Amino acid sequence: MGHDDATFENPDFLNHVLGGINYAIGDKALDYSKSKTERIPEENRYVRKVLDFNLNEPMELEELPGRGILFVERRGALKLYDFKEEKTKQIAQLNLFYGNEDGLLGIAVDPNYQKNNWIYLFYSAPGEISEQRISRFTLVGDSLDFASEKNLLTIPTLRKCCHSGGALEFGPDGNLFIGLGDNTNPFESSGYAPIDEREGRALWDAQKSAANANDLRGKILRIKPEDDGTYSIPEGNLFLVGTPNTRPEIYVMGCRNPFRFSVDSETGYLYWGDVGPDAGKGDPNRGPHGMGEFDQARKAGNWGWPYTRGNNQAYNDYDFTTETPGEKFNPAKLINDSPNNTGIKELPPAQESLIWFSYSASEEFPWLGSGGVNPMAGPIYHASNYPNAANKFPEYFEDKILLYEWMRDWIYVVTLDEDHNYVKADPFMPSDEFSHPMDMLFASDGNLYVLEYGQKWNSQNMDARLNRISYVSGNRKPVSRIISDKMVGSQPFTVNFSGAESEDFDKDKLRYEWYFNSDEVQDTAMEPSFTFNEPGNYTVRLKVTDDAGNSDIATQKILVGNDIPEIKIELDTKNRTYWDGHKVAYKVVVTDKQDGSTLEGTIDPKDVKVTFDYIPEGEDMVKATIGHQQNTIPEGKLIMDDTDCKACHAINIKVNGPSYEEIAARYSTKDKNYLIDKIIKGGSGVWGESMMSAHPQLKVSEVDKIVDYILSLSSDKGKDENLLDVQGEVNFNAHQAKDSQGKYVLMASYTDKGSKDQPESSLSVRDQIIFKFPKYEGTKADEKSGGLSNWEVEGDQVVGSIKNDSYLKFNDIGLEGLKNIELLIYYGADYPYEGKVEIRENSPNGTLIGESSLKYFNKEKGAKKNYLIPVKPTKDFDALYLVFKGSGDKEQIIANFNAMVLKY
């Protein structure tokens with residue numbers, strides 16, 4: 001409320017606020033009937049199930065009535081998740097062009113599919129013909145009839161760059177909507193309007209497409225497919241049939257890249273997300289900062305690109321030959337006089353967006369947050385569309401639209417008023433992680449299906465998933481959780497247990513039933529204790545039951561008969577970074593209640609494994625653990641032991657399937673995704689005709705640990721162990737040969753001798769110290785001053801929006817022997833940067849140990865610059881501050897900070 005955190009710790013201030021609240025309430029009882037705020041459904045009522053994963057660039061999905069969910073992948077695959085079989089099958093593979101943003105982009109199912117078996121695909125023509133095709137196919141059962149193709153519409157394109165769009169959606173009255181990007185290169189306009197009218201520069205001029213009434217690109221089209229494979233023009237499109245220099249298919253023009261849209265089944269209104277340009281800030285001589293849009297069309301119209309953006313913020317006309325800005329475009333009277341325009345010159349007036357936003361926080365719509373900009377519009381919910389649904393979403397969703405952000409990975413439920421104007425937005429499942437949500441729909445079963453692209457571009461991703469989200473309207477099962485103060489120890493072993501962390505979302509009272517070493521109930525208290533008098537491995541169970549009779553069981557392993565050893569690596573320095581020529585002395589100390597200690601000589605130093613490994617950038621830490629004893633049993637093996645794996649596999653002998661050692665010999669870490677996919681989905685043919693059963697009940701994270709364990713069994717691993725003494729010195733030189741800024745790992749492990757009374761009771765401990773390259777990234781600073789934001793520049797993460805007195809704090813910096821600090825700074829084009837950076841100890845106003853001026857200006861392009869700053873630290877270990885000072889204008893943006901590298 002405009003006050004800092006400290007204010008809310010002041011009792012006088014809190015009493016003042018409380019007095020105001022009491023005054024506003026008055027002395028009357030609250031009348032909740034006058035409350036207009038809707039109750040948002042509790043997030044724990046949503047049940048999310050991953051139906052398929054490891055997809056290859058999934059693009060769009062549709063329901064195939066009575067069968068399942070159809071979806072397409074950009075490389076040409078048409079797939080069906082079958083409701084009854086509960087698995088995905090590939091229906092067809094299209095021959096097409098894959099490149100840039102082209103491929104198999106969109107799918108729609110005919111409203112009368114159950115009678116005609118027609119589906120529609122949006123794909124890029126194969127070969128050298130640069131065009132997009134909208135075609136109808138016959139799909140019967142699991143067979144797509146390629147010979148049945150009827151090409152409704154062909155859109156010529158320039159196959160050299162960007163913005164393909166690609167969505168298909170049917171609206172009321174059987175009209176098919178088609179989303180097409182502006183097919184324009186955005187990278188040579190400084191992030192502003194690409195309106196380059198120079199000869200041969202049509203690829204860089206969106207006036208040829210989005211603003212061209214005689215071109216289908218940069219539009220959302222609306223056509224009526226006919227039974228003979230042609231189409232007609234429905235009434236109400238932007239241009240009447242026969243209007244010279246126009247295309248009657250156009251419903252919405254002036255779009256940049258309308259990637260995902262939806263049509264309201266009741267009103268026919270069109271909603272879409274339009275991906276915005278890249279300018280990080282506005283320029284009065286060029287135009288506004290880059291904006292994404294959520295748009296609403298109640299009727300046909302022009303949404304202004306490349307002349308306006310958002311709420312009709314106008315761009316300047318611009319002469320790219322002389323680099324001279326002109327007047328701002330008039331949203332009410334847009335004139336397309338580009339030589340690349342083949343349509344009418346005077347365009348319909350520009351319409352304002354429903355919601356608009358840029359990279360930084362929005363004043364108008366603060367719930368949008370900040371980050372990348374890639375808006376998409378999901379479905380509008382009407383319960384009447386799903387009359388046979390066994391599971392419906394609650395009344396709260398009625399008439400609301402789901403909007404989502406591909407880059408920011410969130411979904412919001414947006415409320416519109418009776419006139420369909422924006423009212424508010426509520427987060428949907430904010431505690432869940434969505435990995436670039438790509439498309440979504442409500443299906444006839446009442447569930448929400450969400451398609452995720454995954455985090456990596458242009459690749460098959462483990463987190464590219466098809467999800468089903470269901471709503472639980474009735475009583476929910478409780479969740480059982482066990483907490484214990486100890487898990488391992490010698491007998492007699494008394495453990496204090498607690499079930500207090502168990503919960504019931506419906507606030508039902510829970511009943512507790514404990515099973516410690518028996519199949520009979522041994523205690524019904526919430527927090528019992530139990531003494532194990534005999535050595536052994538015990539599985540303790542807690543069953544909790546709610547008032548409705550729903551129950552849940554949690555388990556926990558208890559090992560009795562041995563005590564956990566202790567191990568510690570001691571260093572002669574607290575500095576955990578490395579540099580050329582650096583040396584560190586170490587000592588490993590092991591103590592064990594039963595075995596003794598290395599200090600007393602009762603534990604043989606040869607029983608302690610000490611290794612020192614260099615892990616190059618990007619490589620997995622598993623390399624450093626190879627050959628070391630693990631803590632008890634590897635987690636992956638524990639998970640396997642609870643499955644049916646042992647029915648077909650063993651470590652070193654062939655059962656029904658190959659041994660784990662054989663698998664480890666054939667595959668490596670680069671095959672990890674394949675192995676995870678194979679374990680979950682099952683299959684045959686790799687090791688003969690034996691069928692491997694599927695394991696859909698396992699989570700990807702669990703199978704990931706299983707694969708790690710299997711691969712660690714390779715006989716090639718551990719042969720070249722370079723074991724060290726329990727006391728000595730390590731040198732840092734491997735990074736020079738690798739030319740890498742990786743990490744060094746000093747690791748020690750010990751396995752005790754166990755208990756003679758308890759087989760397999762040996763316990764392992766491990767300690768490790770990681771020495772990192774002395775590079776500290778700005779986005780990972782321990783503290784940042786207010787107003788800073790994170791960006792991505794040329795693949796690097798940077799801190800932006802730096803102004804006068806902005807600072808970054810880095811804790812626990814080893815200052816002893818520090819001579820220089822190298823700063824990595826990014827500059828953008830078209831902006832005069834000037835200021836300085838101060839390096840201070842302990843606080844933004846602490847001892848100054850170094851400084852450097854920062855200055856840059858180039859209209860053509862930005863730059864990445866390094867600054868080597870001599871420093872004279874006064875303390876051994878402390879916090880280090882980078883303080884930025886502007887020059888003149890106190891709101892001066894200083895630049896984008898990437899990282900600092902310490903030089904010893």
Side-chain angles (χ1 to χ4, degrees), residues 49-58 73 75 77 79 81 86-90 433 435 452-467 615-616 618-628 630-631 633-719:
K49 182 177 181 180
V50 176
L51 304 177
D52 200 359
F53 68 99
N54 200 24
L55 305 177
N56 197 344
E57 294 190 83
E73 296 177 334
R75 294 176 186 268
K79 294 184 175 182
Y81 176 81
E86 295 188 340
K87 68 178 183 180
T88 299
K89 59 185 76 174
Q90 181 163 322
E433 294 183 0
S435 190
E452 296 172 276
Y453 182 86
Q455 293 295 318
K456 296 179 181 177
W457 293 65
N458 300 330
S459 64
Q460 187 167 4
N461 290 311
M462 293 300 293
D463 55 349
R465 299 172 289 214
L466 175 64
N467 306 268
I615 312 296
E619 291 196 14
D620 201 302
M621 276 287 292
V622 171
K623 175 187 173 185
T625 68
I626 293 169
H628 277 271
Q630 305 295 312
N631 292 329
I633 303 170
E635 193 171 353
K637 187 175 187 305
L638 289 174
I639 297 170
M640 288 166 55
D641 290 345
D642 287 334
T643 69
D644 60 359
C645 296
K646 54 183 174 290
C648 298
H649 304 283
I651 291 177
N652 54 10
I653 59 172
K654 180 178 176 63
V655 187
N656 184 39
S659 71
Y660 295 132
E661 289 183 353
E662 287 179 305
I663 297 171
R666 173 176 287 194
Y667 298 104
S668 66
T669 53
K670 66 178 174 38
D671 305 304
K672 201 170 175 184
N673 281 3
Y674 167 78
L675 292 172
I676 293 173
D677 188 66
K678 198 73 172 176
I679 290 172
I680 293 181
K681 295 183 179 179
S684 64
V686 179
W687 299 90
E689 296 305 316
S690 298
M691 183 70 184
M692 177 179 173
S693 59
H695 299 83
Q697 78 279 11
L698 294 177
K699 299 177 181 177
V700 172
S701 59
E702 294 174 326
V703 181
D704 185 89
K705 292 169 184 174
I706 289 175
V707 172
D708 278 345
Y709 167 68
I710 294 173
L711 295 178
S712 74
L713 299 173
S714 172
S715 59
D716 293 335
K717 296 177 179 177
K719 286 183 177 179

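This structure is a prediction, so every number in the text was calculated from the model and none was measured.
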For [X], side-chain contact (heavy atoms from CB on, under 4.5 Å) partners two or more places apart:
| X | value |
| --- | --- |
| Glu73 | Leu55, Asn56, Phe71, Ala77, Lys79 |
| Ser459 | Lys456, Asn461 |
| Asn458 | Glu57, Arg74, Tyr98, Tyr453 |
| Glu86 | Tyr81 |

With rounding to the nearest 0.5 angstrom, report the [atom1] to [atom2] distance, [X] to [Y].
| X | Y | atom1 | atom2 | value |
| --- | --- | --- | --- | --- |
| Ile706 | Ile639 | CD1 | CD1 | 5.5 Å |
| Lys49 | Arg465 | NZ | CZ | 15.0 Å |
| Thr88 | Asp52 | OG1 | CG | 3.5 Å |
| Glu662 | Ile710 | CD | CD1 | 12.0 Å |
| Ser668 | Lys670 | OG | NZ | 4.0 Å |

> Looking only at heavy atoms, which two atoms of Leu711 and Tyr667 are closest? And how far apart?
Replying inline: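 The answer is CD2-O, 3.8 Å.
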
> So which heavy atom on Lys672 is nearest to which on Asp708, and how close?
Replying inline: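 Where Lys672 meets Asp708 most closely, the heavy atoms are NZ-OD1, 2.8 Å.
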
>> Which residues pass the side chain to side chain donor-acceptor pair (under 3.5 Å) test with Lys89, not counting sequence neighbours?
In response: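 Applying side chain to side chain donor-acceptor pair (under 3.5 Å) to Lys89 gives Glu85, Asp142.
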
>> If the condition is side chain to side chain donor-acceptor pair (under 3.5 Å), which residues does Asn467 pass it with, not counting sequence neighbours?
In response: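 Asn467 satisfies side chain to side chain donor-acceptor pair (under 3.5 Å) with Arg48, Glu452 only.
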
>> Do Gln460 and Asn673 have side chains that approach each other closer than 4.5 Å (heavy atoms only, starting at C-beta)?
In response: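 No; the side chains remain at least 4.5 Å from each other.
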
>> Less than 4.5 Å apart, side chain to side chain, heavy atoms only: is that true for Phe53 and Ile676?
In response: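 Contact flag for Phe53/Ile676 side chains = yes.
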
> Does Asp463 have any salt bridge (charged side-chain N to carboxylate O under 4.0 Å, His left out) partners at least two apart in sequence or in another chain, and if so, which?
Replying inline: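 Once residues adjacent in sequence are excluded, Asp463 has no partner under the salt bridge (charged side-chain N to carboxylate O under 4.0 Å, His left out) criterion.
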
> When you check the gap from the basic side-chain N to the acidic O, do Asp704 and Lys699 get nearer than 4.0 Å?
Replying inline: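 No, this pair does not count.
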
